[in-house]
Amino acid sequence: MKSLSASASVKFIKLFVYFCYFVSLNISAAETKSPDFIEGVEKVSAEGIINLIEQIDELIIIDSRIQGDRHKGYLESSVSLPDAETNCQSLSKVIPRYDSAALFYCNGIKCGRSVVAIDIAKKCGYTKLYWFRGGFDAWMKKGFPFIKR
Amino acid sequence: MKSYSMKSSLLITIIVMGLLSVGFTLFTGEIYLQQTLDNRRQTFTEVVELEVHNLWDNLKLEAKSLGLSVQSNKEFRTAFLQRNKQTVEMQLNEYFDRAFVTLGILNLKKIIVYDKSLSKVFQSSTGDEVDGDICSSTIVSAKTRSGPDRFKTLHKVCEFKGQIRLVTLVPVGGLRLKGYLSIVVDPLNNLSKSEEGLGIPVMIKNAQDMELFRSANWPEKDHMENIMLVHYGNRAGNKKPIANFYFASDVALLNKNLAATRISLVSFVIISTLFATLVALSLFRKTIINPLDKINTYMDEIRNDKKHLREELEVTGSKELVNMANQLNGLSDELSHLYNELEEKAFTDSLTGIPNRALLFDRLEQVTLLAKRDKSRSEFMIMMMDLNKFKVVNDELGHHIGDGLLTAVAGRLKQALRESDTVARIGGDEFAIILYAVNEKEIAISVAEKITALMDKNFNIEGHEIDVGMSIGIARFPYDGNSSEELMHSADIAMYHSKRNKLSYIFYDGKLAGKE
């Protein structure tokens, strides 16, 4: 009897925790989830990047995350340019021409840095922009190679 | 067929039932034991599976991490792209001295480098001696991939010269495929750590059942009786797993507990059987054995002495036996009645209704014996008498009248005597009388005269006036004879003399004997 009530209360607590978790998930998602698409920008998946590289050999990959996140690992040949440091001048140093292909990514779908960076790039006049919405999370989950120092 | 007493058949039945229940208990105990062990094994297998999976996953992660680290190494990448064998080999060999290898986190066995189309280009000169591939199946399945899939890491477990190898294939080039690296690792050390994780000894064997690892505390062959062996291996198709784990779980305590349960169960059964036996026996004794014994004793008593027929048999116990006793009582009543009737018939003269010759002799015998034993009551007398003209009555008036006369005589004789004296018809027209405890001749004389007076009166039998006299001979104990035969004989002689001399009565005298 005792153990039954104990297990029942444990069950109840579990249910309560799940409930709180889902509620908080919905709230945070509503607040911080990045948009499904950005106008004038091509969205690509993890596999899409590999395919894109085969077509566009000089594709420039820009990592919009801060340095702390980059330590966890990054895509090979990506250039680190956190969104806070992104402006027309810093962009001109990594993207040679306005029509050069440039792909932006950050941690994942909850991360807004790549969105911010792309907006700046668009304003600066870059025309061939790609957005990897899944970010480093999706890359890792697919099991693709990355670089970690 | 052999006959058993009811008690022993009851005992045998109970013992057989007891044995059956002990057997049943042992049988169910065995099933329970197997089930408990099975449950234990199942639970244990799940734990083992989890642990081993975890170890493999960690190892795969380490190997992949090493592969990614090698391929992103700039010197290696440059030398590889330039196909500089010496530098590549040097670079690869260096990894064998790295901390995670020397510390045993990863037991590196070989690093092989392939080009984009999976042809072998270089390999570390350190590690396993090999010409071709280690685990060529890895390369075969890698070749079937295309597009972005080629960037994914591949893991394969296979056997190399009897040893287990984990091969991890990682791409060289993060986004632009340049080739592949095959990280070959010996997983044995890592997997053997399951003994620490689970806290029990482990043995690892290859697919050919060859022992590769054995915990130091692995139980010896003679101590396996309390050990539950659990096998686990990652099965690939129908083939025997390449890495086979055997865990030796000590079930001594479990076995002990189970054995204790079994012993207590069996003792419970034995005790309850004994208890049942006692209860059954005591009930059986009360309701069946005791009444039966009583009935048997009663029957024995009846057979030995008919007097007991009149006693009532009282039985308590089973209904059936009480009924049986009641029936017996009924039967014995009837039998007693019959006996009495029979006895009466045997000792009574059917014509006159007075005692017959047999009863007279019987009483005479008894009184003789009593007198011999008890001197104070030592004297009694016997009278023999005979009707004087009975033959004439019979011949002239017929047997019918003769019989009537005899009956009438008997009636008058009874009148002349005390209740306690015995008068008997001993045959034809002969009668005899025993006068108990009489020592004086005068008493006998008065009796004899009383009889003579009664007999002198005429008898009226069916209208016939009949006059019969009577001759009486008297003998005295112990003077005229020391036994019933002698006394009868003496009385007979006296009677004979009384008849011949036309006397009413006469006492026996020794002199009479000679005058016969």
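Basis for what follows: all heavy atoms, side chains included, without hydrogens, waters or symmetry-related copies. Residue numbers begin at 1 in each chain, while the letters A, B, ... track the order of the sequences.
Contact annotation for A:L52: neither backbone nor side-chain heavy atoms come within less than 4.5 Å of a heavy atom of chain B.
Side-chain N or O atoms of B:R176 include one that pairs as donor or acceptor with a backbone N or O of A:D57 at under 3.5 Å.
Considering all non-hydrogen atoms of both residues, B:F151 and A:P145 come closest at O-CD, 3.0 Å.
Of the residues considered (A:E76, A:K148, A:E54, A:K142), A:E76 shows the highest number of contacts with chain B, using heavy-atom pairs under 4.5 Å. Residue with the most contacts toward chain A among B:G173, B:G147, B:S69: B:G173 (heavy-atom pairs, distance under 4.5 Å).
Heavy atoms of other residues, nucleotides or ligands lying less than 6.0 angstrom from CD of B:Q86 number 12 at most. Heavy-atom neighbours of B:Q42 CD from other residues, nucleotides or ligands within 6.0 Å: at or below the threshold of 12. Within 6.0 Å of atom NZ in B:K193, more than 12 heavy atoms from other residues, nucleotides or ligands are found, so the atom counts as buried in its surroundings.
Atom CG of B:L68 sits about 13.0 Å away from atom CZ of A:F144, to the nearest 0.5 Å.
Within the 4.5 Å cutoff, the side chain of B:L175 has heavy atoms near those of the A:I61 side chain.
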